[in-house]
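Structure first, commentary second.
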There are 2 protein chains.
Amino acid sequence: MATNYSVKFDIAQEAVEVPAGAMITAAAEKAGIEINQPCGGQGRCGQCAVQVQSGNVRRRSTMRLSAEDVEAGYAIACQTIIEGDLEIIVPPQEKIQQRLTTGQSAADVTVPDGYNHQKDQSVQRIPITLTLPSMEDQTSDWARLKTAIAKETGLTKLTIPLTILQKLPGVLREGEWKITPILFVDDENSGEVIDVLPGLIDPEVPLWGAAVDIGTTTVKVMLVDLISGEPKGQASEYNAQIARGEDVISRIIFAGKGDGDKTLRSLVLGTINELLERACKRGKSCPDRIYKTILAGNSTMIHLLLQIPPSSIRLAPYITVANHLPVLTARETGLETHSEGKVVCLPGVASYVGSDISAGVLSSGMADTEKITLFLDVGTNGEMVLGSKEWLVTCACSAGPAFEGAGVLHGMRATTGAIDEIWINAETKEASWRVIGGGKPKGLCGSALISLLAELLMTGVINKSGRFDFTLDSKRIRKGSHGGEYVVSWAEENEINEDIFLTEVDIDNLMRAKAAIFAGFSVLGDSVGVPLESVEQVLIGGGFGQYINVEKAVQIGLLPDMPWERFQFLGNTSLKGAYLALLDIKNQEEISEIANRMTYIELSADNRFFDAFTSAMFLPHTDMSLFPSVNIGGE
Amino acid sequence: MATNYSVKFDIAQEAVEVPAGAMITAAAEKAGIEINQPCGGQGRCGQCAVQVQSGNVRRRSTMRLSAEDVEAGYAIACQTIIEGDLEIIVPPQEKIQQRLTTGQSAADVTVPDGYNHQKDQSVQRIPITLTLPSMEDQTSDWARLKTAIAKETGLTKLTIPLTILQKLPGVLREGEWKITPILFVDDENSGEVIDVLPGLIDPEVPLWGAAVDIGTTTVKVMLVDLISGEPKGQASEYNAQIARGEDVISRIIFAGKGDGDKTLRSLVLGTINELLERACKRGKSCPDRIYKTILAGNSTMIHLLLQIPPSSIRLAPYITVANHLPVLTARETGLETHSEGKVVCLPGVASYVGSDISAGVLSSGMADTEKITLFLDVGTNGEMVLGSKEWLVTCACSAGPAFEGAGVLHGMRATTGAIDEIWINAETKEASWRVIGGGKPKGLCGSALISLLAELLMTGVINKSGRFDFTLDSKRIRKGSHGGEYVVSWAEENEINEDIFLTEVDIDNLMRAKAAIFAGFSVLGDSVGVPLESVEQVLIGGGFGQYINVEKAVQIGLLPDMPWERFQFLGNTSLKGAYLALLDIKNQEEISEIANRMTYIELSADNRFFDAFTSAMFLPHTDMSLFPSVNIGGE
């Protein structure tokens, strides 16, 4: 006995009747409403999201929806079963786009439980009322302050930089012998007075620190109140060095020519200082009140920031000048925080596994878990770590920036106008897509390339070797000067007024990149005798990871084929790690331990890597048994 | 039975016969030769020095003669007894002048016995051959160097400044993995790599350091080879700050106005850097190869050099901003030595007892002796220390710069054209004098003022109160706009074409200065219950001390009346102390201990000082029993 339910869409004149168990898309079709389904009803694009105002539904999939979305009634129309009478709002397309984008870029950083700035923080603010000097007590200003601080904190070995000593007498007298020194505590006995402020400062007033992630492509800054531990402002921007090279190798080369090193230093400093300004505006602070800055970044970025010659990173045997750097001052580094403020560059592991990874490993929690974990950070390069609390091995694949849009004819960075997801109709081989910002497309960003490659493969446009099937009847498939091509967008419908297409050469580049990454997984697993199927969780960090469509990444063999629930996207793990180190010196020490603990495998010296790379130069892989879930065109 | 000896002067036609036991001056008179005796044959001026070419003499006094002078046959004619046939050279007057001046300014600094740079020196040079990096050993440059240094030296906690890290990779490769780091050793575990040089440097090659004494009037620099410990070049010059004030008080006032502090800093830096250049030229080095500099100076000079506001030094309760300063770098201080070179400001005791005194106490040896010792450093100010290895008390008298020629109408600094010693004929009251450089006089320097005051007193021109006896028949004694005057040099015989004279106002100023110093001795002795006659030795440091005529200083009551052999002139004890601290960190620590150990007595808060000062406002003193040897005009 079939039950019928009534479904009323806000933009339809009347309700329609559909049988129980039908999808919302079926009801919409019956009501004569166009719901955008670029992925063809596979539940992957999220573009058909609607808002269920009343009534019961069962969501088969909530991919592309956040918990808040579900709470607010959102449902993917093509994946949602009608289980009662419904009232449904069909949101305007731009609203969906906006929601999806916003949801993706939010990094959720929360203050760790039990954070206690007096116990955990290396920057301390100690308001002190001094006894007045007199003819009977002619102690010098500095000795007077030192004694009082020692009494208050137990720190008996105190130093002070000259610039602060210079301001000390003025501040003491301005505050009428009430003073608030800012201390940088080295250990239980020793510390440094990095600033002195007149008067007694209320304990609740924020005390500022900053966490910075210096990516090859993007720099992110987080302003933090060290008293509450709360992030108070974030800002991110492209690394201005991009204008001098897209990847680390081209920057290293640029640094070696003439004043290239100075130029690159000043470019990235410009970016960081501008971001500090912006984050401070949001947080109602100003950069020169920031007393501690924690930096994470790949080894090349750290070398370039500090103007340490990076050339040995690029040349065999590929070594850095330093992985563990001394604690510096803002003055030395050129950061425009408080000039005596501390600047800590977190320690990296090797030339191609930098502190962004050691910080990422900390914030991912993999160094504390018993689960065998694969941690992956695909940015301009691809770094990965395999292990658990017992052991950690790491390597970096020279994947190149293909997944950031470089080395691909119509590739571009994930900025406004970039297509970021593509769907190909299995029947017609026609393409539909989503554009960042919602306007006309200009090119293809990394996630679009993964998506496109997967769609081309799954719809039989290309074969496992990445070669086109020219027998197919579609004007989108054609031969060009770079061999086979697939046209995503025609000149007349896009921003650049020329066809946007993917060539066989592009496909080769993408396959090399994904093969390098997958070969990295293989060698890591091999080196410790852990097969990939034993990996209990895959943690994906980095900006790129946030936008990856896991299913498609598995289809092309970029990610290992395992149940979706084992994948977790962690957002910017590097910045989170820097934030954790900023709050608690113990975290900073743990990152240092993690860096020391990681066994680095140099892939360029490893024959296994070459073999694994060759095997991975198919879509998804030579060994299809590694990808049981990938079922290409009914093979 | 009287023996006769034959004496032949080179400038006389024939030899003369004189009885055994006669003075050389008697023989000269008999030979009709004019030998200059401005002091009237008292053996004090040294101007009658002759050179004994052959024959036996007995020298009653060798004051004004160095050991080398005596070795070369020099003898003071008025103090030398003929004990055999003699051949005598009478040197031209300018030659004597020159010799005396040269002899006085030479500071005899010798390397301490048993100096061992590897054991004593905090700056170490460690040539190291590193293992080459390879694909099997991808250790970073810095970690590789650290490990090698730790193996060589046992220093496990090593840091490196950013600027040196920046040059490390280039130096390593230039030297083909042979490298010579320069270390600054903090303690047995920790140190800092303050420079890296390519290749293996021969252990004998000099390693440079500098000792600097910053006086209110004069700055002295000594360049030292830290390997051998030998001074290799010295240079001294007036402190360019003089143009902005003669004494510390006027400089403190100047520093407080507008950019006065910046101006004073840059002036003294200019002087020090110029002197470093000059000393390095002599020592065949250059300033940027100096890795450690030890500075001594009074507290105001140190504040001004470091641009630390000095105003609290001048205002009750007279405190410094800091007596013990952190170790700085050349970069921070503005010294043009190696930019990461260490700059150590030795610790002072109080506002008016600076590190020149604590360094002076070390180099005088008084802190190690059981003898009750009075240490005195009269420069622009008068500081003194009383004590022994058991205890030390110190004070400073605001003597003012009268003894440096300031506050006296015709006073001037001890430079070319200054009269530096004066003799008055007891009968005629006529003056004779010695001029620095030998030309026509321009004015009176400090030692001339002491000399003049004593001669005026001893010849009855002035009385114990410093008032003139106008009953005397001499045109040199007259009344002027400042009361009584004594004319030292007439306008027509000097460089300035006006009479050079001393007024009663000048005499008052000088009496106040000497009274302040003597009152200092009294209070120091009183405060520890040690009468001045118990003092077993008086050690006189400072540039001024080198030129003092002790007898005359006692006559006016500036120095206590005790046997001459208890007085010792030590030359520049401050510079010597800095030199000792430069060689051996243990000396540096001992200076710090000395500074802490000294009990400072603030005279401006001490009623005893006012009483003692009043009593000392006579020549030599109200209580003549304190000056038994001073016999004024047969009183």
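Just so we're on the same page: letters track the sequence lines, and every chain starts at 1.
The two residues Ser355(B) and Ala296(B) come nearest to each other via the heavy atoms OG-CA, 3.5 Å.
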Show, in sequence, the C-alpha distance, side-chain angles and deciding distance for Thr329(A) and Glu332(A), and conclude whether the side-chain hydrogen bond (donor to acceptor under 3.5 Å, both in side chains) test is met. CA-CA 5 Å; Thr329(A) 60; Glu332(A) 285 173 290; 3.2 Å; yes
The test is side chain to side chain contact (heavy atoms under 4.5 Å, CB included); show your working for Ile601(A) and Phe609(A) and say whether it passes. CA-CA 10 Å; Ile601(A) 297 176; Phe609(A) 178 71; over 6 Å; no
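Both the backbone and the side chain of Pro133(A) come within contact range of chain B, with heavy atoms under 4.5 Å apart. In this structure, the portion of Leu325(A) lying under 4.5 Å from any heavy atom of chain B is its side chain and not its backbone. Only the backbone of Thr139(A) comes within contact range of chain B, judged by heavy atoms closer than 4.5 Å. Thr320(A) touches chain B through backbone and side chain together, each having a heavy atom under 4.5 Å away.
Under the 4.0 Å criterion applied to side-chain N and carboxylate O atoms, Lys167(A) and Asp195(A) are assigned as salt-bridge partners. Taking the charged nitrogens against the carboxylate oxygens, Asp261(B) and Arg251(B) have no contact shorter than 4.0 Å, which rules out a salt bridge.
Chosen from Arg144(A), His324(A), Arg173(A), Arg331(A), the residue pairing most often with chain B at heavy-atom distances under 4.5 Å is Arg173(A). Of the listed residues (Thr159(A), Ile160(A), Leu328(A), Leu168(A)), the one with the most heavy-atom contacts under 4.5 Å to chain B is Ile160(A). Among the candidates Leu162(B), Leu132(B), Ile308(B), the residue making the largest number of heavy-atom pairs closer than 4.5 Å to chain A is Leu162(B).
Against chain B, no residue from residues 333-350 of chain A qualifies, as none has a non-hydrogen atom under 4.5 angstrom away.
Counting heavy-atom neighbours within 6.0 Å of Asp187(A) CG, excluding the residue itself, gives a total above 12.
For Thr599(A), there are no side chain to side chain donor-acceptor pair (under 3.5 Å) partners at least two apart in sequence or on another chain.
One finds the CD1 atom of Ile313(B) at 3.5 Å from the OG1 atom of Thr300(B) (value rounded to the nearest 0.5 Å).
The closest side-chain heavy-atom distance from Val268(A) to Leu264(A) is not below 4.5 Å.
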